[in-house]
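Here, residue 1 is the first one in the sequence, and each next residue gets the next number.
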Amino acid sequence: MTTRHLYLARHGAADAHGELTDIGHRQAGLLGERLAGVPIDAVWHSPLPRAAASAHELARHLPDVPVAEAAELVDHVPYVPGPAETPPSRAGFFDGLDDTEAAAGRRLAEALVARFAKAPDATTEGTRRDTHEVLVTHAFQIAWLVRHALDAPPSRWLGLNSANTALTVIEYRTGLPPAIVMFNDMSHLPADLRWTGFPASVRP
């Protein structure tokens, strides 16, 4: 049985203009060091600068691995829950998002799942092999893929957050449900580089 291994990572810490900071570069480099021992086939990244810069920074530790943009990984709201699905703490979170934007986000979310959330495709010889791909994207997209892997209701992407360059791993096999190997793992980061991208709070 062949497996598609997806290594999902939120981009490194960025400034108010969406550009990677020095901390973000350090985080991405450390993630690259962690992945250096994995037989990575490709690094895909969101079109946004903070994700593209993170992908290229971590890829310095993955010689000869191709790095390419994937439009489906762009930051977007994948699903707008109805009033009954929205927890009180999220009231007003979607204000200002019109129906056209919500529909576009849902189409992107469907395309993201269709492209990446599946077992490996057959090769030109008709055989299959394990694949290992890094997706450098955004918190909402990681939450959506985790929600999909768990077969949870669409609104459950809310509340799943990822720290900058934290690692989430999902495996896909034909005929079996996806397996979440890890979520929001920051063990490659020193304490002072962890939990960026989360609200300020006491963290374990």
Shared ILVMFWY cluster between [X] and [Y], side chains joined below 4.5 angstrom?
X: Phe198; Y: Phe140; value: no
X: Phe94; Y: Leu108; value: no
X: Val113; Y: Phe116; value: yes
X: Trp144; Y: Val74; value: no
X: Leu193; Y: Leu20; value: no

Within the side chain of [X], is there an N or O that forms a donor-acceptor pair under 3.5 Å with the backbone of [Y]?
X: Thr21; Y: Ala13; value: yes
X: Ser54; Y: Gly12; value: yes
X: Asp41; Y: Glu133; value: no

Tell me whether the count of non-hydrogen atoms from other residues, nucleotides or ligands lying under 6.0 Å of [atom1] in [X] goes above 12.
X: Arg106; atom1: CZ; answer: yes
X: Asp99; atom1: CG; answer: no
X: Asp192; atom1: CG; answer: yes

Do you know which two heavy atoms are closest between [X] and [Y], and how far apart they sit?
X: Arg194; Y: Leu189; result: NE-O, 2.6 Å
X: Ala51; Y: His45; result: O-CB, 3.9 Å
X: Arg115; Y: Arg4; result: O-NH1, 3.1 Å
X: Ala139; Y: Asn161; result: CB-OD1, 3.6 Å
X: Ala36; Y: His61; result: CB-O, 3.6 Å
X: Gly96; Y: Glu101; result: O-OE1, 3.5 Å

*Test side-chain contact (heavy atoms from CB on, under 4.5 Å) on Trp195 and Asn184 and set out the steps.*
CA-CA 10 Å; Trp195 297 110; Asn184 196 46; 3.8 Å; yes
[Y] and [X], any side-chain heavy atoms less than 4.5 Å apart:
X: Ser187; Y: Arg34; value: yes
X: Ser201; Y: Pro199; value: no
X: His148; Y: Leu112; value: no
X: Leu158; Y: Pro81; value: yes

Inter-residue atom distance [X].[atom1] - [Y].[atom2], 0.5 Å rounding:
X: His25; Y: His56; atom1: NE2; atom2: NE2; answer: 11.5 Å
X: Glu57; Y: Leu30; atom1: CD; atom2: CG; answer: 9.5 Å
X: His11; Y: Gln27; atom1: NE2; atom2: CD; answer: 10.0 Å
X: Asn164; Y: Arg10; atom1: CG; atom2: CZ; answer: 4.5 Å
X: Leu97; Y: His76; atom1: CG; atom2: NE2; answer: 11.5 Å
X: Arg147; Y: Trp157; atom1: CZ; atom2: CH2; answer: 11.0 Å

*Taking only residues two or more places apart in sequence, or in another chain, which ones meet Glu85 in a salt bridge (charged side-chain N to carboxylate O under 4.0 Å, His left out)?*
none
_For Thr3, the option from His132, Glu171, Arg173 that meets side-chain hydrogen bond (donor to acceptor under 3.5 Å, both in side chains)_ = Arg173
*Checking side chain to side chain contact (heavy atoms under 4.5 Å, CB included) against Trp44, which of Leu6, Leu73, Thr137 comes through?*
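Only one option passes, and that is Leu73.
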*Passing option when Leu145 is tested against Leu160, Leu150, Ile180, Leu8 for side chain to side chain contact (heavy atoms under 4.5 Å, CB included)*: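 For Leu145, the side chain to side chain contact (heavy atoms under 4.5 Å, CB included) test succeeds with only one of Leu160, Leu150, Ile180, Leu8, which is Leu8.
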*What's in the same ILVMFWY side-chain cluster as Leu62, cut-off under 4.5 Å, chained through other members?*
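The other cluster members (ILVMFWY side chains, heavy atoms under 4.5 Å, direct or chained) are Tyr7, Leu31, Leu35, Val38, Ile40, Val43, Leu58, Val65, Val67, Val134, Val136, Leu167, Val169, Val181, Met182.
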